[in-house]
Amino acid sequence: MPARRTPVELCRGELRVSGSALHLDARRRVECAFVSHAHGDHIGRHDRTIATEPTLALMRHRLGEPKRRKTETLPASFRAPFGLGELTLELFAAGHVLGSAQIRVTGRSGVALGYTGDLCTEPTHAAERAEVMACDVLVLESTFGLPRYVFPPKDEVLAAVRRFVDDALSDGYTPVLLGYAVGKAQEILKYLSGAGYRCAAHPVVHAVDRVYEAHGVALPNVRALPPEGPAAGEVVVAPPHLARSPAMRGVRRRRTAVLTGWAIDGARFFRGADAAFPLSDHADFPSLLAYAKATGASRVLTVHGHADGLAAALRKEGLRAEPLREQAQLELL
Ligand SMILES: [Zn+2]
């Protein structure tokens with residue numbers, strides 16, 4: 001017996017708006033996809049790609065120019081509704097990395113489906129501030145969806161990073177800060193360079209910096225890390241997996257800190273580092289709960305990460321919530 005239409009489906013690991021060709025952050029090549037942001041686990045080459053201009057620019061940087069003639073990009077702006085077949089789409093800032101967007105999809109039934117992508121509700125230094133997306137059914141990311149993930153206020157975390165940098169410099173070390181090349185690195189560079197620190201970015205980070213700068217995020221006092229290493233007094237920023245890469249050979253007397261929300265989990269994330277700070281570009285657990293309520297959604301479907309735990313917590317708060325399962329048979333409202 002055919003099941004009733006669901007607002008969104010998870011098929012072979014890919015999210016798709018039911019009854020349409022519109023996928024959400026598909027990894028495999030699909031006919032039409034909304035790409036929420038340019039992190040590697042959310043992008044792919046599609047026949048038609050809907051994303052913000054900064055996300056499209058970051059995707060071109062990461063994937064290169066599309067070779068297939070059939071490939072089409074549909075740049076979209078925040079809060080500017082547009083039609084796609086029978087659907088009305090509207091993007092809202094997600095506050096995660098530059099250009100990151102949530103999407104609200106309204107079909108003929110009038111039910112508004114909201115998909116957050118990766119979300120950070122706390123203001124960031126190098127991304128658009130997240131907006132609340134009112135919707136009926138919310139598909140909510142769950143990366144830090146367990147009660148133990150409570151981050152200190154960002155100002156406190158950044159102040160602690162700054163103390164780490166100051167201590168390293170005054171002890172004669174080069175401070176090395178490790179964060180993802182897209183987003184985290186630019187946030188710390190923006191914060192430190194704005195405070196007058198001179199920074200040297202790993203070439204992989206610096207290439208992304210240029211895309212940020214082209215979209216209005218000025219990064220003064222930042223240069224590419226030269227092969228001979230940083231000058232005295234410079235702060236080095238690099239991606240965690242490239243901390244020991246050839247480009248870092250010139251960074252000799254170093255003191256290293258990892259910047260990640262997973263620092264909450266403790267020492268195992270210090271591997272080879274001297275410190276870890278919970279600087280996150282995702283919402284923490286209380287923020288996810290608060291966000292779900294703020295959207296006014298009468299139903300929440302959790303995806304990515306701790307989907308079961310977050311759904312259980314949302315139910316405790318009185319919301320109708322469940323993790324989105326593969327080929328879930330859910331009814332429309
Ligand atoms: Zn992401």
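Each ligand, and each atom within it, is numbered from 1 in the order the structure gives. Side chains included, hydrogens not; waters and symmetry mates left out as well; all remaining heavy atoms used.
- Expressed to the nearest 10°, the angle at the Zn ion (ligand 1) joining OD2 in D118 with NE2 in H37 is 90°.
- H304 has its ring centre less than 6.0 Å from the ring centre of H42.
- Put simply, H42 stays out of reach of the Zn ion (ligand 1), with no N, O or S atom under 2.8 Å from it.
- With hydrogens and angles ignored, the 3.5 Å screen pairs no side-chain donor or acceptor of D281 with any backbone N or O of V97.
- With hydrogens and angles ignored, the 3.5 Å screen pairs no side-chain donor or acceptor of R104 with any backbone N or O of A112.
- Here D281 does not reach the Zn ion (ligand 1): none of its N/O/S atoms is less than 2.8 Å from the metal.
- If you check the side chains of Y191 and D155, you find no donor sitting under 3.5 Å from an acceptor.
- Nearest N/O/S atom of H39 with respect to the Zn ion (ligand 1) is recorded as ND1.
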